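The structure presented is a predicted model; accordingly, all values stated were derived computationally and were not measured. Atoms within each ligand, like the ligands themselves, are counted from 1 in listed order.
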Amino acid sequence: MISLDILTIGSLVRDAEGNITEADSTSTLIRADGLNIVVDTSSKERKPHMKTAFKQLMVLPKDVDIVVLTHTHSDHIGNNDMFPKAEFLVHSGEKGNIKGARVIDSEEEEIAKGIRLVHTPGHTHGSMSVFVDADRKYAIAGDAIPLKENVQKMVPPGLNYDAKLALESLKKIIDYADMVVPGHDYPFMTDR
Ligand SMILES: [Zn+2]
């Protein structure tokens with residue numbers, strides 16, 4: 001059995017001109033056959049939230065086996081230090097250097113039964129999403145889909161190096177998923 005829990009829900013705060021003044025990513029815990037997998041570790045400011053969530057779920061951070069980083073922006077990697085025993089996974093397209101991480105160099109990789117890393121570039125070169133085949137199909141999208149609004153309006157993330165590629169990645173995610181866990185917003189259902 002695979003279960004998903006949100007450790008902290010991401011957000012983006014903008015000023016009157018629309019510039020982002022604060023960004024904290026979502027962090028998700030996947031539990032699958034005794035394996036604890038965290039996807040993104042949010043920003044340092046969210047550490048208290050993360051700690052409380054782990055307590056409520058009765059999981060110890062030190063018992064996390066794998067940490068998947070959807071990409072290496074600081075608001076997604078701020079609490080990496082909570083997981084001293086985990087193997088960190090980062091895509092080779094990422095420029096940020098995560099010491100000791102295992103580099104994923106493929107378009108797709110299954111890391112456990114029903115759990116796949118899928119390369120979804122556009123926001124960054126090495127952006128990955130995590131596709132989870134559980135009670136329904138979930139995609140933990142990182143900033144390939146930062147907000148629900150991106151899907152409602154079918155627009156790529158504002159911050160991208162290739163808008164066309166970013167939109168292709170977004171489509172790939174919503175083609176698969178019944179429910180999307182975006183990088184900076186509440187999870188939402190697609191209309192698959
Ligand atoms: Zn980002």
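- For the Zn ion (ligand 1), protein N/O/S neighbours under 2.8 Å (waters excluded) are His71 NE2, His73 ND1, His123 NE2, Asp143 OD2.
- Taking the six-membered ring where tryptophan is involved, the planes of Phe131 and Tyr176 are essentially parallel, since the angle between them stays under 30° and well short of 60°.
- No donor-acceptor distance shorter than 3.5 angstrom exists from the side chain of Asn150 to the backbone of Ile145, with no hydrogens or angles considered.
- Below 30°, between 30° and 60°, or above 60°: for His91 and His119 the angle between ring planes is below 30°, a parallel geometry.
- Side chain of Asp5 to main chain of Thr28: no donor-acceptor pair is present (N/O by atom type, distance under 3.5 Å, no hydrogens or angles).
- Counting non-hydrogen atoms of neighbouring residues, nucleotides and ligands closer than 6.0 angstrom, the CE atom of Met154 exceeds 12 such neighbours.
- Relative ring orientation between His76 and His71 is described as tilted, the plane-to-plane angle lying within the 30° to 60° band.
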